[in-house]
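Just follow the structure's listing: the first ligand is 1, and inside any ligand the first atom is 1.
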Amino acid sequence: MSALLDGLRADLAALSDQALRRQRRSNALPCAPRAMVDGREMLAFCSNDYLGLAGEPRLAEALAAGAARWGCGSGASHLVSGHYAVHDELEAGLAAFVGCERALYFSTGYMANSGIVPALVGRGDAIFADRLNHASLVDGMLLARADMYRYPHADLAALTRQLEASTAKRKLIVTDAVFSMDGDVAPLAELLALAERFDAWLMVDDAHGFGVLGPAGRGAVAEAGLSSWRIIYVGTLGKAAGVSGAFAAGQADVIEWLLQKARTYIFTTGAPPALAEALLASLGLIAEGDDRRRHLAGLVACLATELKLTRWQRMPSRTPIQPIRIGGNAEALAVARALWDEGIWVPAIRPPTVPAGSARLRVSLTAAHREEDVLLLARTLNRLEHTILG
Ligand SMILES: *Cc1c(COP(=O)(O)O)cnc(C)c1O
């Protein structure tokens, strides 16, 4: 009928043929280690709900009370009339928590990242980005139209050479704090030193560190003991914080500039004020969450000691992201399928999300897991390594 639709159908079929077509699984239960998929109970190691707050009743109560007070919608964008007193309270709380002068609340981390980069740099400027950065940062770079230099993962020497060679007016170094498919932490102190040496901004996406790392869960930058007007810190609020949204924090004029210029902040309806009420409650629970973080660290250590793998390999990560490197795509899929058949849900991550030959299981642990959950996972993997052929 139309070449357009025929082309799209052929492309969909090609995705299926290459085993690249993705499938959603519908969970009949709230976010927690126990999921219900197609009527089967599954033990899940997939979520980024690191502190187990997504299902925390006190957050649901704060959200309900927020809805009773504020209703549902914000009615407009923040700069028109969709900004409420509770948003101010949340931003002040976030800024104080991470030790910055000011914070700006975005609806999602994707929007924060894709809006902040083009607000800071444009044509004639240069962006230096770790090759394993999150897609939302990559999209922000594409929108910025600045010159892009992607350095090999955590390769400070390569980054230094790129900075030395640059004649750009404004320079922006962009990095994930905790890399989402590897679980390792960026060399933040060294990156800041380079930013100072070459007069660059340093944007740090702490989606997986906020709430988890650092004193009281203040994040990766606080853990590294760093503070600088050059740092634009981004924390997301749908992972450890258990709600949704994100924020940028930094020096007051920088944040004011983002408020004026970030198109993903300006041209979108403000998030429901009730969410901000839930987020204020979450901030309190994160701050007093040392028990959750201690339990989580215990689970990470437990997995490391209980896994006895030879062919496969637990990747060197101290964060709750615990990838297990399998290697080949087919083998990684076979392991994920075998786990699934035993009621354990772990996603297999394949190229192009990760480099060819490094297909892996991405295990993520949360404070809602019990030690026996992790023991079951480790024992099952130890056994499967001998029964699944590479
Ligand atoms: C999840 C994630 C984001 C996006 O945050 P959302 O709030 O889910 O849109 C950004 N950066 C990284 C590294 C992430 O893992």
Side-chain angles (χ1 to χ4, degrees), residues 22 24 31 45-51 53-54 59 90-91 94 98 103-119 127 129-144 150 153-154 172-188 191 202-213 219-221 223 231-249 258 262-265 268-272 275-276 278-279 282-283 286 317 319-323 347 349 353-354 360 362-366:
R22 316 221 11 202
R24 299 179 301 179
C31 176
F45 294 93
C46 318
S47 88
N48 304 308
D49 179 29
Y50 301 121
L51 296 183
L53 290 178
L59 293 193
L90 174 62
E91 289 179 345
L94 289 164
V98 297
L104 187 67
Y105 168 59
F106 286 79
S107 296
T108 70
Y110 181 88
M111 292 166 76
N113 285 342
S114 59
I116 291 169
V117 176
I127 302 170
D130 190 292
R131 212 167 264 161
L132 295 190
N133 278 350
H134 190 260
S136 54
L137 290 169
V138 176
D139 291 358
M141 299 201 296
L142 295 172
L143 288 168
R150 300 182 77 182
H153 179 47
L172 171 68
I173 303 171
V174 183
T175 188
D176 281 18
V178 177
F179 289 87
S180 47
M181 296 302 145
D182 294 62
D184 60 330
V185 180
L188 294 174
L191 290 171
L202 175 61
M203 178 173 172
V204 178
D205 173 3
D206 201 19
H208 300 279
F210 179 75
V212 176
L213 299 179
V221 172
E223 180 185 63
I231 297 178
I232 295 100
Y233 178 84
V234 175
T236 67
L237 301 168
K239 288 171 179 158
V243 187
S244 91
F247 67 100
L258 297 180
R263 293 170 67 85
T264 55
Y265 183 77
T268 191
T269 299
L275 281 180
L279 283 165
S282 169
L283 205 49
I286 290 172
S317 158
T319 68
I321 301 172
Q322 291 286 307
I349 312 287
T353 308
V354 295
R360 65 199 67 171
R362 182 184 185 274
V363 172
S364 64
L365 301 174
T366 76

Tyr110 neighbourhood, listing ligand 1 atoms whose heavy-atom distance to it stays under 4.0 Å: 4 (C), 5 (O), 6 (P), 9 (O)
Atoms of ligand 1 close to Thr236 [distance to a heavy atom under 4.0 angstrom, numbered from 1]: 5 (O)
Ligand 1 N/O within reach of Gly109 N/O, cut-off under 3.5 Å: yes
Atoms in ligand 1 flagged as close to Asp176, the criterion being non-hydrogen separation under 4.0 Å: 13 (C)
Any side-chain donor near an acceptor of the partner, Asp182 and His153, under 3.5 Å: no
Heavy-atom donor-acceptor pair, Thr236 side chain to Gly238 backbone, under 3.5 Å: no
Contact partition for Lys239 relative to ligand 1, non-hydrogen atoms under 4.0 Å: side chain
Close N or O approach (Asp205, ligand 1; < 3.5 Å): yes
Expected output: side-chain Asp139 to main-chain Ser114 donor-acceptor under 3.5 Å: no
Short side-chain to backbone donor-acceptor contact, Ser317 and Gln322, under 3.5 Å: no
Asn113: numbered ligand 1 atoms lying under 4.0 Å from its heavy atoms: 10 (C), 11 (N)
Nitrogen or oxygen atoms of His208 and ligand 1 under 3.5 Å apart: yes
Contacting atoms of ligand 1, where contact means under 4.0 angstrom from a heavy atom of Ser136: 10 (C), 11 (N)
Main-chain N/O of Gly219 paired with Asp206 side-chain donor or acceptor, under 3.5 Å: no
Parallel, tilted or perpendicular: rings of Phe247 and Tyr233 (30°, 60°): tilted
Ala207 neighbourhood, listing ligand 1 atoms whose heavy-atom distance to it stays under 4.0 Å: 2 (C), 11 (N), 12 (C), 13 (C), 14 (C), 15 (O)
Main-chain N/O of Asn133 paired to Asp176 side chain as donor or acceptor, under 3.5 Å: no
